[in-house]
Undergrad: 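The structure follows.
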Amino acid sequence: MPAVITLTTDFGLEDPFVGIMKGVILNVCPAARLIDITHQIEPQNILQAAWVLKAAHTYFPKNSVHLVVVDPGVGSERRPIAVKTRSAFFVAPDNGVLTPVLDKSAAIYELTKQKYFLKDISSTFHGRDVFAPAAAWIAKGTALSKMGSKITDPQTLTLPQPELKKNGITGEIIYSDRFGNLTTNIPADLVHSFSQRVDNMTIQVGKTRIKGLVSSYSQGKPGELGCLINSWGNLEIFCRESNAAKKLKVAAGKKIIVKF
Amino acid sequence: MPAVITLTTDFGLEDPFVGIMKGVILNVCPAARLIDITHQIEPQNILQAAWVLKAAHTYFPKNSVHLVVVDPGVGSERRPIAVKTRSAFFVAPDNGVLTPVLDKSAAIYELTKQKYFLKDISSTFHGRDVFAPAAAWIAKGTALSKMGSKITDPQTLTLPQPELKKNGITGEIIYSDRFGNLTTNIPADLVHSFSQRVDNMTIQVGKTRIKGLVSSYSQGKPGELGCLINSWGNLEIFCRESNAAKKLKVAAGKKIIVKF
Amino acid sequence: MPAVITLTTDFGLEDPFVGIMKGVILNVCPAARLIDITHQIEPQNILQAAWVLKAAHTYFPKNSVHLVVVDPGVGSERRPIAVKTRSAFFVAPDNGVLTPVLDKSAAIYELTKQKYFLKDISSTFHGRDVFAPAAAWIAKGTALSKMGSKITDPQTLTLPQPELKKNGITGEIIYSDRFGNLTTNIPADLVHSFSQRVDNMTIQVGKTRIKGLVSSYSQGKPGELGCLINSWGNLEIFCRESNAAKKLKVAAGKKIIVKF
């Protein structure tokens, strides 16, 4: 079973950057299976990339190598790191983008050994020069301990957490998708801890109140806002046959209040 | 020769949805060759996806598995289906999107066996939970008869057909591509049945009349509308070095009249 | 090690064109590794495709097949060609797009043998009917000499060259990327031939003057224009945390003057 390498970047698809990274990988590990998660992370939005990685990585085969290049600090002193967890490998700049996968099993290495990079390292494209070749060497079976030194002080992001209140939950929108569906940071089990009162549930976003919880998009009314538990296992605000993000004029970061 | 799985969706490439589906597939069938047809079907435009599938599927190796997820009814009672024809396999929601490939050879199955799905099935992302794993099991060689029960009443779309008139043909635009080239539903042989009069041919779109048929874009005049037989084998309206869709302000569904 | 085929086109990703080309390739060469460089070349911008190919192709494994379809002359008399250099193969229309790779080692062939094309050749989509199958046969190991006749008069583009002046260099912007970073045609060694005076360097674009050269984006000031040597090894104008192309309202083709 050939190694899988996934790619998540903010490089977009207009330019040859992603293709070039894949060329570099194939030079080192010709058998690697290359899967794009997305290249349309908002430029330099580390938090968005972190959420996307969290949502996606568990669906890949064990020991896949997840390469994440959202790298506002390219060319500065920020470290390149690689991480091994019980289930997968990760390669990224040390800027917090791996926060959601740093569980107790995580062994974290600063990548320092030049022999696993390209010979010439530019100051603007470490995706090509550092991260892609490192990911390829890992996919080929190179031990992280050969590629650098263990560290215990990775940069981490503060991921916004939902808060349980007396009559409900406060949370925030963490992701808006192509359809304008708004994923919140409130997991299903938190909602269901109030389950006897789900019919009376109200979700407030700004001045808008949405009532009740449905179980699928098809139960929503066309053009109206609704809430359900989505494929991330989180509370989501949607608008059937329309776009909730546009209708509410909100984006990731917006606070919401759930009352029961 | 490893199995080919093609993917056609309206998921776009901004979000991790397509990558996640591929991860699910590789878990079941690590050797599958994954080819994107497009992920930019207009949201929930089943008819557009049907035309794209029709245009694309015949160019793939025999017994490729074509996975199509344009699924406005996700989470409702609509059935997931798989189809085997003389030349290929298809997996999709039962909403008519497979209409163009349902020839006489087609054996159609409702996918019912949970063991070929993910364990937890969300109400919003059957592409991941139902269709991707089913396609992967088919690519791995699982018989459709093991995966569900035969059905004979699939949903079908009414695909607009051209009509032969005394002095010409009425038809409609079925697809507008990136360049603004407008594919109609009028096949070459219908045009050529009037071939002695092709020079006198007039294509009317709204109030605009286009004269004659050229044999390549390079025979068109820059900035002017022209007609030719395109790579689908159908009559197409184009505008050399410009965009016919914008110039005519039309889209799929617009009627046209061809006179000889 | 399976053959690598890269794809560079102006087809975009909305339509099924790229997927169809890949289907055609897999019919001929099922083991080919297919890597997208980009499909978002500006429609019919041959020069842009040439620069992208130049930047990308050296990062791929030796003997990769680089398929480039930016083809305003499709259906006209322009020749399909294939090229073998010391390091790689190239397949493209003969319209100059391969100019940057035509070094002294290049053997150039007009593709004439129908058996390496699809049976039916449309007048609008030679990417599918001619170039994709030809690339696949090359990836499979077919000698170019079997596929057509050697030619010595390929079309070439005049690639804009920087000019050395007494107190500096004149050049032009050749590429604007997703981030609005502006690559010029001035290579690092030309800049460094003035190295003792790099601190006094001024880059003039229209009426704007940018001072000095930094070594990474992180050394720029947020919202201000800066210059560095980028990952192409060329002088680049950037705007940290913003978009230099938008700020300067310029695009590829714009002249610049570097003074020391």
Side-chain angles (χ1 to χ4, degrees), chain B residues 1-4 6-8 10 12-13 18 31 33-42 48-49 51-62 64 66 88 175-181 183 188 213-220 222 228-234 236 238 240-243, chain C residues 2 5 7 9-36 38-46 69-78 93 95 118-133 136 140:
Chain B
M1 179 160 149
V4 173
T6 77
L7 297 96
T8 303
D10 61 357
L13 296 171
V18 172
R33 300 294 312 266
L34 302 173
I35 305 289
D36 300 305
I37 292 183
T38 181
H39 298 289
Q40 298 190 26
I41 297 295
E42 290 172 20
Q48 187 189 46
W51 288 121
V52 163
L53 182 68
K54 179 175 157 70
H57 81 280
T58 56
Y59 291 95
F60 285 84
K62 195 170 153 71
S64 291
H66 301 285
Y175 193 77
S176 172
D177 73 20
R178 178 196 195 197
F179 302 97
N181 296 328
T183 297
L213 192 71
V214 296
S215 62
S216 75
Y217 295 133
S218 57
Q219 292 181 355
L228 49 61
I229 301 302
N230 74 3
S231 68
W232 302 35
N234 282 15
E236 172 182 301
F238 71 99
R240 193 177 164 196
E241 295 171 23
S242 184
N243 185 306
Chain C
I5 299 178
L7 298 96
T9 76
D10 61 357
F11 292 160
L13 295 171
E14 301 93 314
D15 304 306
F17 305 140
V18 173
I20 288 172
M21 286 175 63
K22 292 178 179 173
V24 168
I25 290 172
L26 293 181
N27 269 309
V28 174
C29 183
R33 298 296 311 266
L34 302 173
I35 305 289
D36 300 305
T38 181
H39 298 290
Q40 298 191 25
I41 297 294
E42 290 172 20
Q44 317 201 335
N45 191 334
I46 295 169
V69 190
V70 178
D71 191 15
V74 62
S76 71
E77 292 300 303
R78 69 94 193 87
N95 59 19
L118 289 198
K119 235 196 219 159
D120 297 317
I121 298 180
S122 70
S123 67
T124 59
F125 192 7
H126 288 191
R128 176 191 71 189
D129 305 333
V130 173
F131 298 112
K140 230 184 154 173

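Values below: all heavy atoms of this structure, side chains included; hydrogens, waters and symmetry mates excluded. Sequence lines set the chain letters: A, B, ... in the order given, protein chains first and strands last, and positions in each chain run from 1.
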Undergrad: Can you see which heavy atom on B:S218 is nearest to which on C:G75, and at what distance?
TA: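 Shortest heavy-atom separation between B:S218 and C:G75 comes out as OG-C, 4.2 Å.
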
Undergrad: Is a side-chain donor or acceptor of B:R178 paired with a backbone partner of C:P43 at a separation under 3.5 angstrom?
TA: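 Side chain of B:R178 to backbone of C:P43: no pair is present.
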
Undergrad: Against chain B, label C:Q44 side chain, backbone, both or neither, depending on which of its atoms sit under 4.5 Å from a heavy atom there.
TA: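 Side chain only.
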
Undergrad: Would you compute the distance between atom CZ of C:R33 and atom CZ of B:R33 and round it to the nearest 0.5 angstrom?
TA: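 Going from CZ on C:R33 over to CZ on B:R33, the span is 7.0 Å.
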
Undergrad: Got a second to check how far C:L34's CG is from B:L34's CG, nearest 0.5 Å?
TA: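 Reported to 0.5 Å precision, the distance equals 11.5 Å.
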
Undergrad: Determine whether a donor-acceptor pair (N or O, by modelled atom type, separation under 3.5 Å) exists between the side chain of C:S123 and the backbone of B:S215.
TA: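 Indeed, once roles are kept as given, a pair shorter than 3.5 Å links the two residues.
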
Undergrad: Select one option (side chain, backbone, both, neither) describing which atoms of C:L118 are under 4.5 Å from chain B's heavy atoms.
TA: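 Just the side chain, heavy atoms under 4.5 Å.
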
Undergrad: Could you tell me the separation between the CG atom of B:D36 and the CG atom of C:D36, rounded to the nearest 0.5 Å?
TA: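 Spacing of CG (B:D36) from CG (C:D36) equals 8.0 Å.
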
Undergrad: Checking C:D10 against chain B: side chain, backbone, both or neither under 4.5 Å from a heavy atom?
TA: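 The answer is both parts of C:D10.
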
Undergrad: State the CG-OH distance between C:N27 and B:Y59, to the nearest 0.5 angstrom.
TA: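 Rounded to the nearest 0.5 Å, the CG-OH separation comes out at 11.0 Å.
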
Undergrad: Using non-hydrogen atoms and a 4.5 Å limit, figure out which bit of C:H39 sits close to chain B: side chain, backbone, both or neither.
TA: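 For C:H39, the backbone is the part near chain B, not the side chain.
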
Undergrad: Just by modelled atom types, is the B:S231 backbone N or O under 3.5 Å from a matching donor or acceptor in the C:R128 side chain?
TA: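 Between the backbone of B:S231 and the side chain of C:R128 there is a qualifying donor-acceptor contact (under 3.5 Å).
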
Undergrad: So what's closer than 4.5 Å to chain C heavy atoms on B:L53: side chain, backbone, both or neither?
TA: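 Contact with chain C is absent: no heavy atom of B:L53 under 4.5 Å.
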
Undergrad: Under 4.5 Å from any heavy atom of chain C, what part of B:I35 do you find: side chain, backbone, both or neither?
TA: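 Interface part for B:I35: side chain.
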
Undergrad: Which region of B:Y175, side chain (C-beta onward) or backbone (N, CA, C, O), has a non-hydrogen atom less than 4.5 Å from a non-hydrogen atom of chain C, or is it both or neither?
TA: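 Contact with chain C involves the side chain of B:Y175 alone.
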
Undergrad: What part of B:L7 is in contact with chain C, defined as an atom under 4.5 angstrom from a non-hydrogen atom: side chain, backbone, both or neither?
TA: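 Neither; nothing under 4.5 Å.
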
Undergrad: Side chain from CB out, backbone as N, CA, C, O: work out which of these in B:N230 comes under 4.5 Å of a heavy atom of chain C, or both, or neither.
TA: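 The answer is both parts of B:N230.
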
Undergrad: Does the side chain of C:F17 reach to within under 4.5 Å of the side chain of B:D177, using non-hydrogen atoms?
TA: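 In short, these two side chains touch, coming nearer than 4.5 Å.
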
Undergrad: Which bit of C:A132 is near chain B, if near means a heavy-atom gap under 4.5 Å: side chain, backbone, both or neither?
TA: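 Neither the backbone nor the side chain of C:A132 comes within 4.5 Å of chain B.
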
Undergrad: By a 4.5 Å heavy-atom criterion (distance strictly below it), what part of C:F11 contacts chain B: side chain, backbone, both, or neither?
TA: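 Looking at C:F11, backbone and side chain both touch chain B.
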
Undergrad: Rounded at 0.5 Å granularity, tell me how far CH2 in B:W232 sits from CD1 in C:I20.
TA: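 B:W232 atom CH2 to C:I20 atom CD1 measures 8.0 Å (nearest 0.5 Å).
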
Undergrad: If you count heavy-atom pairs under 4.5 Å between each of B:I37, B:L13, B:I41 and chain C, which one has the most?
TA: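 It is B:I37.
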
